[in-house]
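Each chain gets a letter, A, B and so on, in the order the sequences are listed, and its residues count up from 1. Owing to the predicted nature of the structure, the values given are computational and were not obtained by experimental measurement.
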Amino acid sequence: MNGAADMGGMHGFGPVVPEDNEPVFHAGWEGHSFALNMATGVAGVWNLDAFRFKRESLPPAEYLNLSYYGLWTRTLELMMLEYGMATPAEIAAGHAIAPFEKAPQPVTAAQCANMVRCGSPYNRPAPAPALFKVGDKVRAKNMHPTYHTRLPRYARGHIGEVVRIVGCHVFPDSNSQNLGEDPHWLYTVRFDGRDLWGEGSDPTVRVCIEAWEPYLETP
Amino acid sequence: MSDHHDHHHDHDHSELSETQLRVRALETVLTEKGYVDPAALDLLIETYETKVGPRNGARVVARAWADADYRARLLKDATPAIAELGYAGRQGEHIVALENTAAQHNMVVCTLCSCYPWPVLGLPPVWYKSAPYRSRAVSDPRGVLKDFGVTLPNDTKIRVWDSTAEIRYLVIPMRPKGTEGWSEDKLAALVTRDSMIGTGLAKQP
Amino acid sequence: MAHDHHHDHDHEHGSELSDMQLRTRALETILIEKGYIDPAAIDELIETYEKKIGPRNGAQVVAKSWVDPQFRKWLFEDGTAAIGSLGFGGRSGNHLVALENTPSVHNMVVCTLCSCYPWAVLGLPPLWYKSAPYRSRTVADPRGVLADFGIALPKDTEIRVWDSTAELRYLVVPMRPAGTEGWSEEKLAELVTRDSMIGTGVAKSPKELT
Amino acid sequence: MNGGQDLGGMHGFGPVEPEPNEPVFHAEWEKRAFALTLAMARPGGWNIDMGRFARENRPAGEYLAMSYYQVWFAALESMMKERDLVAEDEIAAGHSLHTPKKVERVLSPADVLKVLHRGGPTERETNTKPAFKPGDRVRAKTINPPTHTRLPRYVRGRIGEIERVIGCHVFPDTNSLGAGENPQWLYTVRFDGRELWGPQGDPTATVSVDAWEPYLVPA
């Protein structure tokens, strides 16, 4: 979707301001927001792409005015509502309100530690051979889906070069809509900065993105 | 989602009073410094609140419906044709009239700010300046029309005009059936503001 | 203008903190009451990312690549396996790619669409990495972003920006500073800053070690 | 600039919500903010393009969270402060604290209708010839200036057809910076919906923009 999350190339946000000796979390609640999101991820009620889609679907003004973990908490609220894990009344009250069904098995510390150690690989067996090879010129399609996609607006319509075949990976555009993992070949595609930003821009800049095969066409 | 909307509205309200105070402070400073004359401000407000509005555009459309020669002049060069009726000036220096037909429906938007033909339509409504309209009118015009309760035949061509320069567009809606022989005044009553933006149709008799 | 912005930020930050604190606590309470999550799991996760996983992991990888040519070769051929041999991997590190900075090519990593970052080797990302200024400008004006970090590269250095749009995670391997010949891996690792592994910095020079 | 104002094709803002019997202004302060903006243009010495740039030149989250006249008013404040017409301490005090600057001309009630009637025509005489004629296929350039431009992101790189040669008009990209009116030929360019939006585009919809010659190249 063309939402506030798609920030590449936007102007007006000012300089990058690094913080000296930045703590991992800036407040106690941030750590809890982070951990809740990780743990509910382990519970497997939704997938990461669906979570990202919900987050970027927030009205742009809200997305842009929330802090980073504020965005996580807000998204978690919406996901819990959508997936029936809590009611609006419960979220307002800050407690479970009877009657409710208790989950059969809570996410445990051991499961979380295991998730941290093993992660969740995204590569899958390939259903077909890869269409493109390293060195091929490809054009990122001009597409504007209203659903979740990982093809940034700034790359659309531009020609780049395949520099790596990553493998066959879960396709976020489908997975985020709970339509299945629908794995596709994933490529690293390199663009010349001048193609992306115009003639006058820095000639020494190259930008690489990962692009799934359905994002690409032969120019 | 509804709690989110409420939240935002509340937020806006508290900002409003803050803005209200700042506007008053600024007006006082500017008046004290002699940069503005308060009577001129009052006249500006009165002009756009009570004098300039979509009734102007409705008269232009009604004349175009009733007078074939005028219609031809309007579609050829709208600025002087509209000036014949006494409407001209700020935000209407270069007006183009767009004819809606059964085959083609025109809609006007300004994706980049809020450009609008003031002399014929007055100041734009909030929805015209809102992010939902500005974002979707160009990519999903039929969806926007649905927000207004308007459904066009599937084979009607839709033309969206994004006002990126100082050209201002006035849509001439189709004349409703059953209005043969009506006076211009009576016809003008059928011409809504939205029908001249392209988010609506003229009223039926 | 600048003053107004700061005012707004303070205002929002202050009021948002307490609001978010309450809302986060509400969700946690509900999830625990309903039996979805064991409270010990929350503590375990926070401790892991606050204390255990951080840029020292990545620094070990870089230092080893500076002293061990075979490891270096492996690292650039198969980042996931080479880094896994040091015990790092898993969450946000299942598909790792190492990028070699040289005098002619400088690599920088960003996620314009959200905040993808190689947690397994760098821990959680700093605020600036997740901020709108970094996410918007890095792809279009990387030299300007480098200037925000006080870094000016030679005009003819090619800059490669890697936008993490999929589940690949990138680790920049900065250039080894001059004057570190014969140093141990542990000592070398002290030169490797977090920013040098994102590409918004370079490794410290021996002089900077205190 | 690629800022919060460049909204064409963005998702996530929800439906358009027309307000029945909408008043011209929604609060007393809106009237004053509107009239002050119109009345200060002449004494302030800025042009319409500088005004537009002042409105859009802020973080997108700020732009999108403000109401319409809040944006107008914020731009008025910033333009007056930049020109030392008014200082922040004066707005805080609600009174003049410093000596006024000499200004060109204060708008008198007698001039209001004259000024409104005259408006601000942007067409200029030229002895150049337009490079394009109706029917020509043109591509909107890929440009990403951080300064004011009237070429929306959604048409950049896309191919359209010259529909009309409008005339030679003041060029906002330079006029907004105080770098001169620099008049350029202006065209109406029509784009097919699918050319702009890809498979998501409505095949029965076209979009026309008014584009100055420096935005266009032959396709």
Side-chain angles (χ1 to χ4, degrees), chain A residues 5-10 13-19 22 24 27 29 31-33 35-36 38-39 43 52 65 67-68 70 73 76-77 86 90-91 94-96 100 102-103 106-109 112-113 115-119 121-122 150 152 154 166 169 186 197 202 204-210, chain C residues 12 16-17 20-21 23-31 33-38 40-42 44-46 48-50 89-95 112-114 123-124 126-128 130-136 139-140 142-143 145 148-149 156-163 165-168:
Chain A
D6 192 356
M7 286 182 176
M10 288 282 284
F13 289 118
V16 180
V17 185
E19 177 185 345
E22 182 179 332
V24 175
W29 70 267
H32 284 261
S33 174
L36 287 170
M38 289 303 102
R52 283 194 185 132
N65 285 299
S67 70
Y68 185 71
T73 291
L76 182 58
E77 283 177 359
E90 288 175 319
I91 286 182
H95 281 287
F100 60 84
K102 212 164 156 82
V107 172
T108 63
C112 288
M115 178 267 294
V116 170
R117 198 169 51 247
C118 301
Y122 273 70
R150 298 289 291 181
Y154 71 82
V166 179
H169 279 234
L186 181 66
W197 311 110
D202 189 337
T204 63
V205 172
R206 309 277 181 279
V207 178
C208 300
I209 67 167
E210 263 81 56
Chain C
E12 271 155 28
E16 199 207 34
L17 281 188
M20 277 301 161
Q21 195 169 2
R23 289 164 76 169
T24 305
R25 191 185 301 156
L27 292 189
E28 186 167 340
T29 307
I30 295 167
L31 287 166
E33 286 176 347
K34 290 198 170 184
Y36 290 120
I37 288 169
D38 178 340
I42 301 296
E44 165 81 23
L45 281 164
I46 295 172
T48 301
Y49 286 100
E50 255 186 337
R91 180 90 199 176
S92 272
N94 287 110
H95 311 280
T112 61
L113 297 177
C114 50
L124 297 183
L127 262 189
W128 60 258
K130 304 174 285 195
S131 71
Y134 188 74
R135 286 169 56 188
S136 60
V139 284
R143 282 181 194 269
V145 170
D148 292 344
F149 287 84
D156 56 349
T157 301
E158 180 186 330
I159 300 186
R160 270 192 209 160
V161 180
W162 302 75
D163 188 355
T165 51
E167 298 309 322
L168 252 68

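The two residues A96(A) and E33(C) come nearest to each other via the heavy atoms N-OE1, 2.5 Å. Smallest separation of non-hydrogen atoms from G14(A) and P133(C): O-CB, 3.3 Å. Nearest approach of I42(C) to L36(A), heavy atoms of both residues: CD1-CD2, 3.7 Å. Taking all atoms of both residues into account, the shortest heavy-atom contact from T48(C) to V116(A) is CG2-CG1, 4.0 Å. Minimum heavy-atom separation, D163(C) to Y154(A): OD2-OH, 2.5 Å. Of all non-hydrogen atoms in I91(A) and A26(C), the two that sit nearest each other are O-CB, 4.0 Å.
Note: L45(C) CG to M115(A) CE = 5.0 Å, rounded to the nearest 0.5 Å. The distance from atom OG of S67(A) to atom CE of M20(C), rounded to the nearest 0.5 Å, is 6.5 Å. With rounding to the nearest 0.5 Å, the separation of CD1 in I46(C) from CE in M38(A) is 11.5 Å. C114(C) contributes atom SG, which lies 11.0 Å from atom CG of D6(A) (distance to the nearest 0.5 angstrom). In this structure, the separation between CZ on R23(C) and CD on E77(A) is 4.0 Å, given to the nearest 0.5 Å.
Only the side chain of N94(C) comes within contact range of chain A, judged by heavy atoms closer than 4.5 Å. In this structure, the portion of L124(C) lying under 4.5 Å from any heavy atom of chain A is its side chain and not its backbone. Contacts of R52(A) with chain C are made by side-chain atoms alone, with heavy-atom separations under 4.5 Å and no backbone atom involved. Contact annotation for E44(C): only side-chain heavy atoms (C-beta onward) come within less than 4.5 Å of a heavy atom of chain A. P142(C) touches chain A through its side chain: at least one heavy atom from C-beta onward sits under 4.5 Å away, while N, CA, C and O do not.
For the pair Y122(A)/L168(C), no side-chain contact is recorded, criterion being any heavy-atom separation below 4.5 Å from C-beta on. Looking only at side-chain heavy atoms (C-beta outward), E167(C) and L186(A) stay at 4.5 Å or farther from each other.
Within the 3.5 Å criterion, the main-chain N or O of M7(A) finds no donor-acceptor partner in the side chain of T112(C). Judged by distance alone, with hydrogens and angles left aside, the side-chain atoms of E22(A) form a donor-acceptor pair with the main-chain N or O of L127(C) at under 3.5 Å. Proximity of a side-chain donor or acceptor of R150(A) to a complementary backbone N or O of T165(C) within less than 3.5 Å is detected.
Under 3.5 Å, the side chains of T73(A) and T24(C) contain a donor-acceptor pair of N or O atoms.
Among K34(C), E158(C), R160(C), the residue with the largest count of heavy-atom pairs under 4.5 Å with chain A is K34(C). Put simply, of D156(C), T157(C), D38(C), D148(C), the one with the most heavy-atom pairs under 4.5 Å next to chain A is D148(C).
Ion pairing between E19(A) and K130(C) fails under the 4.0 Å rule for side-chain N and carboxylate O.
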